[in-house]
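Report on one structure; see the data block that follows.
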Amino acid sequence: MRYAVLGTGEVGRTLGGKLVRLGHEVTLGSRTKDNPAALEWAREAGAGASAGTFAQAAAAAEVIVNAVGGRVAQAALEAAGAAHLDGKVVVDVSNPLAFEEGQLRLDPVESDSVGERLQRAFPHARVVKTLNTVNCQVMVDPARVPGEHQMFLCGEDADAKEQVTALLGEFGWPAERVLDLGGIRAARSLEMYLPLWMNLMQSLGHADFNVQVRTAR
């Protein structure tokens, strides 16, 4: 598969690197074609890895992974170009994190989500929200956390969710541990989990953790 990973931060580089190791072709996208972090990543990631602008990455890709910050996600996808997103799966792993006076807050929160905003802005893209509830190292290596912990996803397109579930399987998330929460509106709850995630990380002193859902039936 040909993937575009938008974002040159730790999340984007980690996801892109895993995809390359799995044998996929990956273009790490940024605002400029000569982004130093993207070029360095491409050199180190090896065969199958390249760097380019958001638009160059999206144009060549079959699947787009949004790994920029949630508050700039729509702008990044606009730079990628709506025509380059039409009909494609867009995997949104972002969170709308904002810090004011050292305190974490979310924007948007409760009445909207980044996932929903992206789906509204690009109605012909097939947005699937997932992976935003764990650290990027756990995203691509769930075995870092012992036990049968779960990954969540949501989106409007059933075929897109099936495709993303298969991708999660490549990362090490068995299909039975991927919980489909329904339509893209469920992205609100996934994004609102982040303050709790931050509190847990501060309490535990590390980011190698996840939640396990247990049911009576």
Would you say the side chain of Gln56 lies within less than 4.5 Å of the side chain of Thr27, judging by non-hydrogen atoms? no
Should Leu15 and Val164 be counted in the same cluster of Ile, Leu, Val, Met, Phe, Trp and Tyr side chains packed under 4.5 Å apart? yes
Take atom CZ of Arg177 as the centre, draw a 6.0 Å sphere, and report whether it contains more than 12 heavy atoms from other residues, nucleotides or ligands. yes
Where is the tightest heavy-atom contact between Pro195 and Leu106, given as atom of each residue plus distance? CD-CD1, 3.8 Å
Any chain of hydrophobic side-chain contacts (each under 4.5 Å) joining Val127 to Ile64? yes
Straight-line distance of Asp112 CG to Glu191 CD, nearest 0.5 Å: 8.5 Å
Passes side chain to side chain contact (heavy atoms under 4.5 Å, CB included), Glu162 versus Asp159? Steps please. CA-CA 5 Å; Glu162 184 177 346; Asp159 289 339; 4.3 Å; yes
Would you indicate whether the side-chain heavy atoms of Met151 and Thr133 approach each other to under 4.5 Å? yes
Pair Leu194, Trp197 - check side chain to side chain contact (heavy atoms under 4.5 Å, CB included), show working. CA-CA 5 Å; Leu194 259 291; Trp197 186 94; 4.2 Å; yes
Trp173 side chain vs Met139 backbone, donor-acceptor pair below 3.5 Å: yes
Minimum heavy-atom separation for Ala187 and Ser113, please, with both atom names. CB-OG, 3.4 Å
Are there more than 12 heavy atoms of other residues, nucleotides or ligands under 6.0 Å from atom CD of Glu110? no
Nearest heavy-atom pair of Gly183 and Cys154: which atoms, and what distance? O-CB, 3.3 Å
Please check if the side chain of Asn95 supplies one atom and the backbone of Leu97 the other of a donor-acceptor pair under 3.5 Å. no
Residues 80-92 vs salt bridge (charged side-chain N to carboxylate O under 4.0 Å, His left out), sequence neighbours excluded, gives Asp92-Lys129
Under 4.5 Å between side-chain heavy atoms, chaining through other members, with only Ile, Leu, Val, Met, Phe, Trp and Tyr counted: pull out the rest of the cluster around Leu39, sorted by chain and number. none
Heavy atoms only: give me the nearest Val5-Gly16 pair and the separation to one decimal. CG2-CA, 4.1 Å
Arg71 side-chain N/O to Pro96 backbone N/O, donor-acceptor pair under 3.5 Å: no
Val213 backbone acceptor or donor facing Gln150 side chain under 3.5 Å: yes
So if you build clusters from Ile, Leu, Val, Met, Phe, Trp, Tyr with side-chain heavy-atom gaps below 4.5 Å, do Phe122 and Val63 land together? no
Nearest heavy-atom contact between Val20 and Ala49 is CG2-CB, 3.9 Å
Please check if the side chain of Arg185 supplies one atom and the backbone of Glu116 the other of a donor-acceptor pair under 3.5 Å. no
Main-chain N/O of Asn199 paired with Ser203 side-chain donor or acceptor, under 3.5 Å: no
Please name all residues satisfying ring pair (Phe, Tyr, Trp, His ring centres under 6.0 Å) with Phe54, sequence neighbours left out, ordered by chain then number. none
List the residues meeting ring pair (Phe, Tyr, Trp, His ring centres under 6.0 Å) with His24, not counting sequence neighbours, and say none if there are none. Tyr3
Would Gln74 and Leu118 count as a side chain to side chain contact (heavy atoms under 4.5 Å, CB included) if you check the C-alpha gap in whole Å, the side-chain angles of each, and the deciding distance to 0.1 Å? CA-CA 6 Å; Gln74 185 171 332; Leu118 296 182; 4.1 Å; yes
Please say yes or no: joined through hydrophobic side-chain contacts below 4.5 Å, possibly via intermediate residues, are Phe171 and Val91 part of one cluster? yes
How long is the gap from CG on Leu19 to CZ on Arg21, to the nearest 0.5 Å? 9.0 Å
Using 0.5 Å steps for rounding, measure from the CG atom of Leu77 to the NE2 atom of His84. 12.5 Å
Taking atom CD of Gln103 as the centre, report whether more than 12 heavy atoms of other residues, nucleotides or ligands fall under 6.0 Å from it. no
Which residues pass the side chain to side chain contact (heavy atoms under 4.5 Å, CB included) test with Asp180, sequence neighbours left out? Leu153, Lys161
Output the distance between atom CG (Asn135) and atom CD (Glu10), rounded to the nearest 0.5 Å. 6.5 Å
If we ignore hydrogens and angles and just use 3.5 Å, is the side chain of Asn132 paired with the main-chain N or O of Leu190 as donor and acceptor? yes
Ignoring hydrogens, what is the shortest heavy-atom contact between Val68 and Gly7? Give both atom names and the distance. CG1-CA, 3.6 Å
Any donor-acceptor N/O pair, Gln119 side chain to Ala125 backbone, under 3.5 Å: yes
Do Leu131 and Val140 belong together in a cluster built from hydrophobic side chains that touch within less than 4.5 Å? yes
Starting from the C-alpha separation in whole Å, work towards a yes-or-no answer on side chain to side chain contact (heavy atoms under 4.5 Å, CB included) for Phe152 and Val211. CA-CA 10 Å; Phe152 310 101; Val211 297; 3.9 Å; yes
Which residues share a side-chain hydrogen bond (donor to acceptor under 3.5 Å, both in side chains) with Asn210, sequence neighbours left out: His149
Between Ser30 (side chain) and Thr53 (backbone), is there a donor-acceptor pair under 3.5 Å? no
Counting N and O atoms only, with roles assigned by atom type, does the side chain of Glu62 sit under 3.5 Å from a partner on the main chain of Arg2, one being a donor and the other an acceptor? yes
Measure the shortest side-chain to side-chain distance between Trp41 and Asn35 over non-hydrogen atoms and say whether it is less than 4.5 angstrom. no
